[in-house]
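Inspection log for the structure reproduced underneath, given as C-alpha cells.
Per chain, numbering begins at 1; letters A, B, ... match sequence-line order.
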Amino acid sequence: MEAPRGRPGNPVGRLPGAAPRGACRAIANEVKRTVAEYDPQAIERKWQEIWERAGAFDADAEPGRPKYYVLEMLPYPSGTLHMGHMRNYTIGDAVARYKRMRGFNVLHPLGWDSFGLPAENAAMQHNIHPREWTNANIAQMKAVCRRFGFSYDWRREISTCEPEYYRWNQWFFLKMFERGLAYRKRSRVNWCPKCQTVLANEQVVDGCCWRHDTTPVEAKDLEQWFLRTTSYADALLDDMKLLEDGWPERVLIMQRNWIGKSAGARVRFRLAGEPNVSIEVFTTRIDTIYGATALLLAPDHSLLPKLFEGQPNRAALEAQASDLRRHILRPAEMAAEKRGFFTGRYVENPFSGEPMPIWAANFVLSEYGTGAVMCVPAHDQRDFEFCRKYELPIRVVIQPENGDQISADALESAAADYGRLVNSGPYTGLGSEEALVKMANDAESRGFGIAETIFRLRDWGISRQRYWGTPIPILYCEKCGVVPVPENELPVRLPANVAITGQGSSPLAGVPEFVNATCPRCGGRARRETDTMDTFVDSSWYFYRYADAQNDRAPFDPAKVAYWFPIDQYIGGIEHAILHLIYSRFFCKVMRDLKLVDHAEPVSRLFSQGMVQKGGVAMSKSRGNVVAAMDVADRYGCDTGRAYMLFAAPPEKDLEWSEQGIEGCSRFLARVFRLVERHGERLAVVQAENAAGADPASLSEKERALLRKTHQTIKRVTDDFEIRWHFNTSIAAIMELVNELYAREPLEEDARPAIVKDCLDRLVCLLSPLAPHLAEELWERLGHGDGLAAVRWPGFDPELAREDEYEIVVQINGRVRGRVFAEAGLGEQEVLRRALEDPKVVPFLEGKTIVKTVVVPNRLVNLVVR
RNA sequence: GCGGAAGUGGCGGAACUGGCAGACGCACAGGACUUAGGAUCCUGUGGCCGCAAGGCCGUGUGGGUUCGACUCCCACCUUCCGCACCA
C-alpha cells in the first residue's frame with residue numbers, strides 16, 4: 001500500500017491542525033496528573049440507584065403519544081445470566097434507550113418463563129420445592145439484570161408460575177374450550193422416557209427428545225388435550241405476508257415449511273373383491289394416476305391387519321408387517337433403504353379400472369395425509385426407487401412439454417416435472433395443471449374423490465404429565481362427563497405439597513385434595529384433570545400481560561393493549577423461529593376472534609441475534625466454555641460488557657468471545673472518560689453553543705473540523721440505529737470521533753469552549769445507548785443537572801458535516817496514479833484540469849490519447865487512454 | 001436432495017447506491033513518558049519486489065458485464081444453519 005500522504009506543508013500522516021508532536025508528552029503528563037481513573041463499578045452503582053429511585057424507565061400508556069414496544073424473549077430462569085441473554089438484552093436496551101431519546105414512549109419489560117421441567121429435576125436432586133428453587137433463580141438473574149442497568153420497567157415484571165399469571169392460561173384454555181379450539185382425544189403421542197412426559201411434535205428432533213438428543217422418543221397412546229392450531233393454518237400462512245418486511249426471511253421460510261400447505265386430492269381405491277372396503281390416498285399429482293402401478297400403505301396403517309384376513313399365509317404376512325414396523329424410517333436413517341412387501345391384495349384404479357397390488361412400505365408416513373399413497377414410479381423419485389428394487393412395472397404418463405420424450409426403460413430417475421399427459425385415457429393430451437383440476441373434479445362427481453388441501457401442521461398437544469405447570473381447568477364428572485372449571489373458580493391452584501418422583505403419571509394424580517372435586521353442574525363427585533399445560537402456552541401471550549401486568553379481572557385491558565401493540569421490535573434467538581413464534585401467532589388470532597385485540601399479528605418486526613461462541617463453538621456447560629455475564633460486570637463493568645457485545649460483530653452474526661477484545665472496549669471507554677474528564681470541570685460552567693445554522697465564517701478552522709467530525713459521526717450513528725441496525729459500526733464511528741478529538745488536543749486552543757462543549761455533549765449523547773452509565777456520568781461532569789433520560793438525540797446538520805475539501809483520486813485506465821485536492825462544489829472541468837496537471841499523472845499521458853473521462857464528484861477522476 | 005446465510009489481512013470486522021479494499025478494534029513493532037510499565041500518549045503494520053521513488057499482486061475459484069466490480073450476471077468450490085422419503 002502506498003504511504004499516506006498529507007497535504008503539502010503538513011507532517012505526513014497527521015491531520016491538518018493536529019497538535020505538534022512535542023505536545024503529546026505534555027498532554028500525556030497532564031492527563032496523568034489531573035485525571036481521575038475510570039471506575040466503572042462506582043459509576044454504574046451510582047447511576048443504577050438514581051435510575052431506580054427516579055423510576056426512569058417506567059412507562060404508562062399515553063394515548064396520542066407515539067409509543068415503541070421493544071421486547072426481548074422471555075428467559076427461563078436457570079439461575080445464571082449467560083452471554084446469550086447478555087447480548088440479547090444489550091441489543092434491546094440500546095434500542096430502547098435510543099428510542100426514548102427520540103421521544104417515544106418506550107415499553108421495555110422483562111419477566112420469567114418460570115414453569116418447566118428443570119425445577120422438578122432440581123426438586124428431586126436437591127429435595128427443594130420447585131417454587132423455592134425457581135424463585136431463588138429468578139432473584140439471582142434479576143440481580144444480574146439490575147447489575148447491568150438494563151432499562152426495564154420492573155413494575156411490569158411477570159413470572160409465569162404465579163397463579164396471578166397462570167390463571168389466565170386457564171382462562172384462555174376455557175375460552176378455547178367453549179369455541180371447540182381445545183379438545184381431548186386419545187392419540188398416539190411422543191413420549192420421552194427421560195422427561196417422563198409427552199412431547200409436542202415440535203419438540204421431537206430427529207426422532208429424539210429436544211432436551212435429550214440421544215433419547216429416542218417412544219410412541220404411547222394417551223388421552224390428551226389439544227389446541228386446534230390447524231383451524232388457523234390458512235390464517236397463519238396467509239398473514240405471513242404482513243410480516244415480510246419486518247421478519248427475517250429465513251424465519252418465514254421455516255414457518256411456511258412447518259405449516260406445510262399442500263393442495264391435492266383425496267382419492268378412494270376400492271379393494272378388489274370387497275366393494276365395501278376402500279383405501280384413501282392423498283396425492284398432489286392426480287394427473288399421474290394412470291401411471292400408478294401399486295398402492296402403498298404405511299406399515300402401521302389401520303387397514304393392514306384386515307387385508308391379511310383369510311389369506312393362507314396370514315401369519316407370515318403379519319410377521320412381515322411387524323418386522324417392517326420396526327424399520328419405519330426415522331429421519332436419522334434417511335439414507336436407509338426402502339423396504340416393503342406385497343400384501344396379497346389388490347385395489348382397483350378408479351380412473352382406469354385396472355387392478356393394482358397393495359404393498360406395505362416403510363417410507364409411507366402413517367401420520368401424514370391418509371397413511372396411504374399411490375405409487376407412480378415414473379414420476380416420483382421415492383416410488384421409482386421402490387419399484388426398481390421390487391421390479392414393479394414403471395409406466396410413463398407425463399411427457400415433457402419441450403425436449404426429449406422419455407421412456408420407462410431409459411429412465412434413470414423419476415421425471416417429476418409437470419408436462420403433457422399420455423396413456424391416460426380420456427385425459428391424454430391435457431397439460432398437468434389442467435389435468436389436476438379436471439381429474440379432481442371428475443373424481444368428485446363420480447364419487448371416489450375430492451380436491452383437498454392438507455397441512456403438515458398438526459394440532460398442538462398441550463398435556464404434560466408434570467407437576468410444575470399450569471393445571472388444565474377441567475373436571476371429569478361421573479354423570480356430566482367433561483366439565484370445564486367455571487371462570488369464577490379460577491385459578492385452579494397447584495397444590496404445594498406434592499411428591500415428585502419423576503416416575504409414572506402426573507404427580508398431581510397423587511394428591512387427593514387436588515384430584516377430588518365437586519362437579520359444578522350436578523354437585524356430584526368429580527375428578528380433576530391432573531395433567532398440566534405445555535410451558536409454551538405461558539410464553540404464547542406473555543407480552544400482552546406486560547401491557548397490564550397487575551390486572552386481576554382480565555388477562556389485560558384491551559385499551560392498554562391497543563395502545564402498546566403490536567410489538568415494534570422483538571429480539572431473540574433463532575431457536576424460537578418455529579415453536580414459540582407460531583404458537584404466539586396462533587394465540588393472537590384466537591384473541592382477535594375473542595375481540596380482545598384488533599391486530600392480526602402480535603409482532604411487527606422480529607430480529608434474530610447471532611449466538612455467542614467461545615473457541616468457535618456455542619458456549620455450553622458440557623463444553624465448559626461458559627462465561628457468565630456477572631463475571632464480566634465484576635471484572636470490567638457492565639458498560640464494557642455491553643460495548644463489547646455490540647462492537648465485536650453485527651448483531652445478526654455469531655460473536656466470538658474474546659478477552660482481548662473486551663479489554664479493547666474497556667480501554668476505549670476509559671479513553672472517553674479521560675477525554676471528557678480533562679475538559680469537564682472547565683466546560684461544566686460553559687453553555688454549549690449550538691453551532692447548527694451558524695455562519696461558517698464565524699468558526700475557526702479547528703472549530704469547523706471538530707464540528708465536522710462530530711456531525712459526520714451523528715449521521716453515521718443515527719443511520720446505524722434507524723436503518724442498518726449495525727451497532728458495531730456505531731461504536732467504530734464514535735471511536736473515530738474520540739481519536740480525532742485526541743488528535744486535536746489541546747482542545748482549549750483555537751476553539752471556543754462553547755464549541756468544544758457542544759461536541760463533547762453530542763459525543764456523550766451518541767454513546768448513551770451503548771454505554772449508558774458512563775454516558776450519564778460524563779453528562780453530569782459536563783455540567784448537566786438533568787439526566788440523559790430527558791435529553792433528545794443529537795441533531796445532525798448536513799452543513800456542518802460537509803467536507804470543505806476532498807481528495808480526488810486520479811485513475812489512468814482504472815489504476816490510481818495521482819491525487820488532487822478540490823474544494824467542495826468545484827466544477828467538473830476544473831477538477832479535470834487539476835487532474836491532468838498533476839505531476840504524477842502527466843507521465844502516464846505522454847504519447848497517449850484520452851478516449852474517455854469519468855468524473856465522480858468528490859471522489860475520483862478516471863482517464864481512459866490509449 | 002431442497003431452501004437460506006456466508007466466504008475480505010495474523011484475528012474480529014468495515015467498505016451504505018458499482019468509484020482509493022482493509023474503517024474501527026485486537027495482536028504485533030517502534031517511539032515518548034517512566035525507578036518500572038502489562039498503564040498512558042504518539043507512530044507504523046495486506047503480500048511480493050525495491051535502498052528509495054515506485055511497481056506488481058490481492059476480497060473462495062473460473063468466466064462475463066463495465067472506464068471502473070468485495071459489490072452486478074453466469075458456472076463452480078467450501079463452511080454454517082434450516083427442512084427432508086410430507087406423496
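Taking atom CZ of A:Arg674 as the reference point, atom P of B:rC33 lies 19 Å away to the nearest angstrom.
Both tests do not hold together for A:Lys261 against A:Phe455: distance to the six-membered ring centre under 6.0 Å, angle to the ring axis within 45°. Note that A:Arg671 lies in the cation-pi zone of A:Tyr742, set by a 6.0 Å cut-off to the ring centre and a 45° limit from the axis.
An OP1 or OP2 oxygen of B:rC42 is reached within less than 4.0 angstrom by a side-chain nitrogen or oxygen of A:Arg671. Proximity of A:Arg667 to the phosphate of B:rA27: a side-chain N or O atom is located under 4.0 Å from OP1 or OP2. Distances shorter than 4.0 Å separate none of the side-chain N or O atoms of A:Arg250 from OP1 or OP2 on B:rC83. For A:Tyr742 and B:rC41, the shortest distance from a side-chain N or O to OP1 or OP2 is below 4.0 Å. Contact check, A:Ser262 against B:rA87: a side-chain N or O comes under 4.0 Å of OP1 or OP2.
Counting heavy atoms of neighbouring residues, nucleotides and ligands inside a 6.0 Å radius, atom CD of A:Glu433 does not exceed 12 of them.
Of the N and O atoms on the side chains of A:Arg716 and A:Ser730, not one donor lies less than 3.5 Å from an acceptor on the other residue.
Look at B:rG44: its Watson-Crick or wobble partner, with both distances under 3.5 angstrom, is B:rC28.
Considering only side-chain atoms of A:Val864, the nucleotide from B:rC41, B:rC56, B:rC67 that sits closest is B:rC67.
Side chain A:Asn257 to base B:rC83: no donor-acceptor pair is found below 3.5 Å.
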